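Small disclaimer: the values here were computed from a predicted structure and weren't measured. All residue numbers refer to positions in the sequence shown, counting from 1.
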Amino acid sequence: MLSDLRAAALLRAARRQDALSLSRALFPIFVIGLACSVTLSESTLAVLTALWLWRLRDPAVRRDQPWSLGIFIAIFGLATLLSALASDVPGRSLFAARGTLTAFAFFVTADTLRGTDRIERFLGLLAICGAILGAMGLLQVATCPTPTPTFWPLGWFYARCERARGPFSIYMTLGGILAMLLLVGLPPLLTARRTRGRWGMWLVTLGGLGATYVRGAWVGFTAGFGAMLLTLRRGRAVMLVGLAFVVMIALLGPERLSARIRSLADPHDITARERLYMWKSGLVMWREHPWLGVGPGGVSRSYRQYALPEAVKKSTSHVHSSPLQVLVERGVVGLAAWLAIWIAFFVLVWRLLRSLGDHERERTIVVGSLAAIAGFLVTGLTEWSFGDAEVVLIAWTLAALPFGVALGPRERRS
């Protein structure tokens, strides 16, 4: 009897490891998809999620998951489901809510990337992807032809090339992604040795972010940079000098770039005014459905009825603000659940950071993740970053890294 139990336990452990090994083999494909194809990343995520759910059949695996944050993600998912079911068109709302499933990237990443070594290899691959994206964006802007070529692939590459967009459909996506990649990649550069080549890739990525001309992403990057200054133990002087140098180049450099920066403080800027109109219309929509909102996708369906007469855009799928979009479509219940995720994230990560002491490699990973998520959330104040699949997939992935750090020692003991 005892031998049978031992055999069954060994069989379960073997199956658990087989699924985990397959997940780790597929994960680089997911990372490449994050940088170039949402179809590839979402398809790979579906397979990785199925493998993760299969592993959860084992009680030992279920116990060893990041449920401390996962419970808040689940509550937000439930709030989204309630909002969809309570809307005027439940079927369409449920379909529009499918983006919530991107949160599985958090669980998959935390389960797959356990331990500092694996996370550092992942960040190395991500840095290469970021440099490629930055180089693409810089090339698009620097060589933007007039008129735009009509034949593939130049027609695709140079479409709307006055602002860097990389392989994505719009520059805001590239800006949001590059800001996070820059922030998560900076702490290791400040503490590691022999980083000349990696600094080169980071600077190319930074150039790509500048070429997007996405002010929200610039502000998000600056906010994440500030969060990093508060938490890093080494490299602060280098960071401050570097920031001053970048600002000087931006202000004294090309007129288009410096004008874009100055427009941040211009109350008469056309795009800023249009956002204010959207926010006012969004608040009117929310007041009519305060608790559960108009349902996922409701802004796209109903905005035309609420657009202000002075607004240029009479229809839109979002109101250019992640928290406001969540409030309008999921109500107070949904916004409270959404905010709880990020409050819990920062509390848990801060506790982990304090517990790491002098473990420098682990600290740089945690600080990078914290800064990247801070940048993501600040960018989302004026952009619908949480609804951009390419951007939010990376955000969920980077949010999981501190939990991978925490789970690493447990895996070594098991």
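Other residues, nucleotides and ligands contribute at most 12 non-hydrogen atoms within 6.0 Å of the CZ atom of F95. Counting non-hydrogen atoms of neighbouring residues, nucleotides and ligands closer than 6.0 angstrom, the CH2 atom of W152 reaches no more than 12 such neighbours. Within a 6.0 Å sphere centred on CZ of R304, other residues, nucleotides and ligands contribute 12 heavy atoms or fewer. For CH2 of W67, the number of neighbouring non-hydrogen atoms (other residues, nucleotides, ligands) closer than 6.0 Å is greater than 12.
Side-chain contact between P28 and F122 is absent, with no heavy atoms from C-beta onward closer than 4.5 Å. Side-chain contact between S321 and E383 is absent, with no heavy atoms from C-beta onward closer than 4.5 Å.
Under 4.0 Å is where a charged nitrogen must lie from a carboxylate oxygen, and between D117 and R361 at least one such pair does. Look at R55 and D18 and you find no salt bridge, because none of the NZ, NE, NH1 or NH2 atoms lies under 4.0 Å from a carboxylate O. A salt bridge links R114 to D111: one of the charged nitrogens lies within less than 4.0 Å of a carboxylate oxygen.
For A227, the side-chain contact (heavy atoms from CB on, under 4.5 Å) partners at least two apart in sequence or on another chain are L370, A374. Listed by chain and residue number, nothing satisfies the side-chain contact (heavy atoms from CB on, under 4.5 Å) test with T150 (two or more places apart in sequence, or in another chain). In this structure, the side-chain contact (heavy atoms from CB on, under 4.5 Å) partners of T112, at least two apart in sequence or on a different chain, are S23, R24, F27, V108. Listed by chain and number, the residues in a ring-ring contact (aromatic ring centres under 6.0 Å, His included) with F345 amount to none (sequence neighbours excluded). Residues forming a side-chain contact (heavy atoms from CB on, under 4.5 Å) with V312 (at least two apart in sequence, or on another chain): E274.
With hydrogens and angles disregarded, no donor-acceptor distance shorter than 3.5 Å links the side chain of T212 to the backbone of A164. Listed for the S302 side chain is no donor-acceptor partner under 3.5 Å among the backbone atoms of V299. The closest donor-acceptor contact from the side chain of S369 to the backbone of V366 lies at 3.5 Å or more, if one exists at all. Side chain of Q65 to main chain of F107: no donor-acceptor pair is present (N/O by atom type, distance under 3.5 Å, no hydrogens or angles). With hydrogens and angles disregarded, no donor-acceptor distance shorter than 3.5 Å links the side chain of E390 to the backbone of I177. Judged purely by atom type and a 3.5 angstrom limit, S355 uses its side chain to pair as donor or acceptor with the backbone of L352. The backbone N or O of G295 sits nowhere less than 3.5 Å from a side-chain atom of S93 that would complete a donor-acceptor pair.
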Donor-acceptor contacts, no H, no angles, side chain residues 30-38, under 3.5 Å, sequence neighbours left out:
residue: S37; atom: OG; partner: T39; partner atom: N; Å: 3.4
residue: S37; atom: OG; partner: L40; partner atom: N; Å: 3.1

Give the table of side-chain donor-acceptor pairs shorter than 3.5 Å for residues 167-176, with sequence neighbours excluded, one pair per line with atom names and distance.
residue: Y171; atom: OH; partner: R163; partner atom: NH1; Å: 3.3
residue: T173; atom: OG1; partner: D388; partner atom: OD2; Å: 2.5

Identify all side-chain donor-acceptor contacts of residues 74-81 below 3.5 Å with residues at least two apart in sequence or on another chain.
residue: T80; atom: OG1; partner: F76; partner atom: O; Å: 3.0
residue: T80; atom: OG1; partner: R330; partner atom: NE; Å: 2.9

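Within the model, atoms CG of L139 and OG1 of T143 stand 4.0 Å from one another, a figure rounded to the nearest 0.5 Å. Between the CG atom of L126 and the CG atom of L181 there is a distance of 4.5 Å, given to the nearest 0.5 Å.
Using cut-offs of 30° and 60° on the angle between ring planes, the pair W202 and F221 is tilted. Between Y213 and W218, the two ring planes are tilted [angle within 30° to 60°]. Using cut-offs of 30° and 60° for the angle between ring planes, the W342 and W338 rings count as perpendicular. Ring orientation note: the planes of H318 and H320 are nearly perpendicular, at an angle over 60° on the 30°/60° scale.
A cation-pi arrangement is present between R57 and W54 under the rule of less than 6.0 angstrom and at most 45 degrees off the ring axis.
Sorted by first then second residue, the disulfide bond (SG atoms under 2.5 Å apart) pairs that include residues 91-181, not counting sequence neighbours, are C144-C161. Residue pairs meeting the salt bridge (Lys or Arg N to Asp or Glu O under 4.0 Å) criterion with at least one member in residues 76-99: none, sequence neighbours excluded. For residues 335-353, there are no salt bridge (Lys or Arg N to Asp or Glu O under 4.0 Å) pairs, not counting sequence neighbours. Within the structure, salt bridge (Lys or Arg N to Asp or Glu O under 4.0 Å) contacts touching residues 306-325 (residues at least two apart or in different chains) do not occur.
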Next item on the list: Go through the steps to decide whether R363 and T191 satisfy the test side-chain hydrogen bond (donor to acceptor under 3.5 Å, both in side chains), and finish with yes or no.
Entry: CA-CA 10 Å; R363 287 184 64 87; T191 57; over 6 Å; no
Note to self: Test side-chain hydrogen bond (donor to acceptor under 3.5 Å, both in side chains) on S317 and S300; report intermediate values, then the result.
What the structure shows: CA-CA 4 Å; S317 60; S300 179; 5.7 Å; no
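Side chain to side chain, W286 and E329 fail the donor-acceptor criterion of an N or O pair below 3.5 Å. Using modelled atom types, one finds no donor on one side chain facing an acceptor on the other under 3.5 Å when comparing T382 with R215.
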